[in-house]
Amino acid sequence: MHIVGVHGIGQGRTNEVRLAYDWGKALTRGLGRRPGAAGAVAPTLTVPHYTGLYKPVSPGADRHLGLADEEVPGADGPMDVKEEEFVFQALAAYAPGPLPEARPYQGTLGAPLPYVPNAVTRRLAAADAQHGRGAGAKVLVLVRQAYRYLHEEELGAQIRKVVQAEVERSGARVLIAHSLGSVIAYDMLQRRELQEPGIHTLITCGSPLGWLTVRRALPHDSHLAVPESLAWHNFHADGDPVTAGAGLAHAVTSGSLLDTRVNNGLAAPHDAVGYLAQASLADTVAALRPRRPGRDCGGRSDAEGLA
């Protein structure tokens, strides 16, 4: 079995080789945590890298996807009116309720940044107040990059082609999608761009598809529609600033998906490797792995290797 991964933001300092290594190592660790599965090895996995497609949109504008999580939010250029509205609506849904006073919020932004509108700055403060210090900074980067994927047609099409090419090359029928990658994977399935050989399993983690603002921007219904032929397993972590600890089942109106809550710790609850190293996610992968009769070159049956 081969798996294709669809990564999220913050991958500007890596490449597809490193991503495949890191994801595979984490998944192997998760498989090894299953009772009686010491020495289990993850299926082959590739993670096509699309970050380079996020190029500056105008001379002098530094608007790349590859922002590291710790970088200052908003460092990828000023917002136009449409983007500001999208970001504001997303943050308002993420952290509803009264806004703090109209002043720079040091816990979120540090020094005042002139290209972050005041209304957005106050929403970031509200996000920190409700979801913990730094939550606003993390989700702002995600929301801005989601906006570009959703609203720049050529960019979105190029990203989907990168993923589609790897799925077709490898013959993969299983996708693991993290963060913004879950939006891309779902969008491709709804567009019927992954029909050959046909994806039968989608595993998502840290997904922003729970955000109504994101779903409304997709060229489909604002609720999630799960094809009957698709097994969808979604993982969400306590403390993950993107999911706010919530799953996706509430947004499904057609078909079904299985939500699983996990604990990725406090340091980096949104990180892909934290999700991939979970035994519950490994259980999902192990259940999909083909069991061929006979024994492998190490003298173990396939079932024993994953037991």
Side-chain angles (χ1 to χ4, degrees), residues 1-8 10-11 14 18-47 69 138 172-182 185-186 199-210 226 230-250 252 256-292 295-296 298-307:
M1 180 178 70
H2 185 88
I3 297 173
V4 167
V6 189
H7 67 76
Q11 305 304 319
T14 187
R18 184 69 195 186
L19 281 168
Y21 174 80
D22 289 342
W23 283 36
K25 183 177 179 181
L27 187 54
T28 296
R29 190 160 64 249
L31 287 166
R33 288 173 173 169
R34 300 170 61 246
V41 178
T44 59
L45 181 148
T46 50
V47 187
D69 289 342
K138 292 181 182 298
R173 302 193 67 191
V174 179
L175 293 180
I176 297 180
H178 174 249
S179 194
L180 179 60
S182 67
Y186 176 73
I199 298 298
H200 62 61
T201 301
L202 173 62
I203 299 172
T204 54
C205 43
S207 176
L209 282 169
V226 183
L230 182 72
W232 187 343
H233 305 263
N234 179 64
F235 294 83
H236 56 98
D238 291 326
D240 185 336
V242 171
T243 68
L248 299 179
H250 70 279
V252 174
S256 63
L257 65 78
L258 177 64
D259 270 330
T260 301
R261 184 187 298 272
V262 298
N263 185 348
N264 287 344
L266 299 176
H270 183 63
D271 279 8
V273 294
Y275 279 105
L276 292 166
Q278 292 289 333
S280 55
L281 191 149
D283 282 339
T284 301
V285 172
L288 299 170
R289 193 161 183 186
R291 306 276 206 281
R292 294 185 303 251
R295 295 183 172 269
D296 62 19
R300 297 176 305 177
S301 69
D302 290 337
E304 289 171 343
L306 287 171

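Please read these numbers as outputs of a predicted model, since none were measured by experiment.
- In this structure, CG in Leu27 is found 8.0 Å from CD1 in Ile203, a value given to the nearest 0.5 Å.
- Taken from CG in Leu257 to NE2 in His233, the straight-line distance is 9.5 Å, to the nearest 0.5 Å.
- A heavy-atom distance below 4.5 Å is not found between the side chains of His2 and Leu45.
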Verdict with reasoning, Val285 to Met1, per side chain to side chain contact (heavy atoms under 4.5 Å, CB included): CA-CA 10 Å; Val285 172; Met1 180 178 70; 4.0 Å; yes

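- Shown here for His250 and Gly210, the closest heavy-atom pair between the two residues is NE2-O, 4.0 Å.
- Rounding to the nearest 0.5 angstrom, the gap separating the CG atom in Asp240 from the CZ atom in Phe235 is 14.0 Å.
- Nearest heavy atoms, Trp23 versus Val6: CH2-O, 3.8 Å.
- Asn234 pairs in a side chain to side chain contact (heavy atoms under 4.5 Å, CB included) with only one of the listed residues (Thr260, Asp259, Thr243), which is Asp259.
- Side-chain atoms of Arg261 come within 3.5 Å of backbone N or O of Gly245 as a donor-acceptor pair.
- Within the 4.5 Å cutoff, the side chain of Trp232 has heavy atoms near those of the Leu248 side chain.
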Chi angles and distances behind the side chain to side chain contact (heavy atoms under 4.5 Å, CB included) call for Leu230, His200: CA-CA 5 Å; Leu230 182 72; His200 62 61; 5.8 Å; no

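- In this structure, the side chains of His270 and His178 come closer than 4.5 Å at one or more pairs of heavy atoms.
- Heavy atoms only, all atoms of each residue included: Ala185 and Ala177 are closest at CB-CB, 4.0 Å.
- Checking Ser182 against Ser207 by side-chain atom types alone, a donor-acceptor pair falls below 3.5 Å.
- Closest approach of Ile199 to Ala172, counting heavy atoms only: CD1-O, 3.5 Å.
- Rounded to the nearest 0.5 Å, atoms CG (Leu281) and CG (Leu276) are 6.0 Å apart.
- The backbone N or O of Asn263 sits less than 3.5 Å from a side-chain atom of Gln278, completing a donor-acceptor pair.
- Here the closest heavy-atom approach between residue His236 and residue Gly247 is recorded as CD2-CA, 3.5 Å.
- Across Leu209, Leu175, Val226, a single residue satisfies side chain to side chain contact (heavy atoms under 4.5 Å, CB included) together with Tyr186, and that is Leu209.
- Thr44 contributes atom OG1, which lies 7.5 Å from atom CD1 of Ile3 (distance to the nearest 0.5 angstrom).
- Across Ala267 and Pro269, no two heavy atoms sit closer than the pair C-CD, 3.7 Å.
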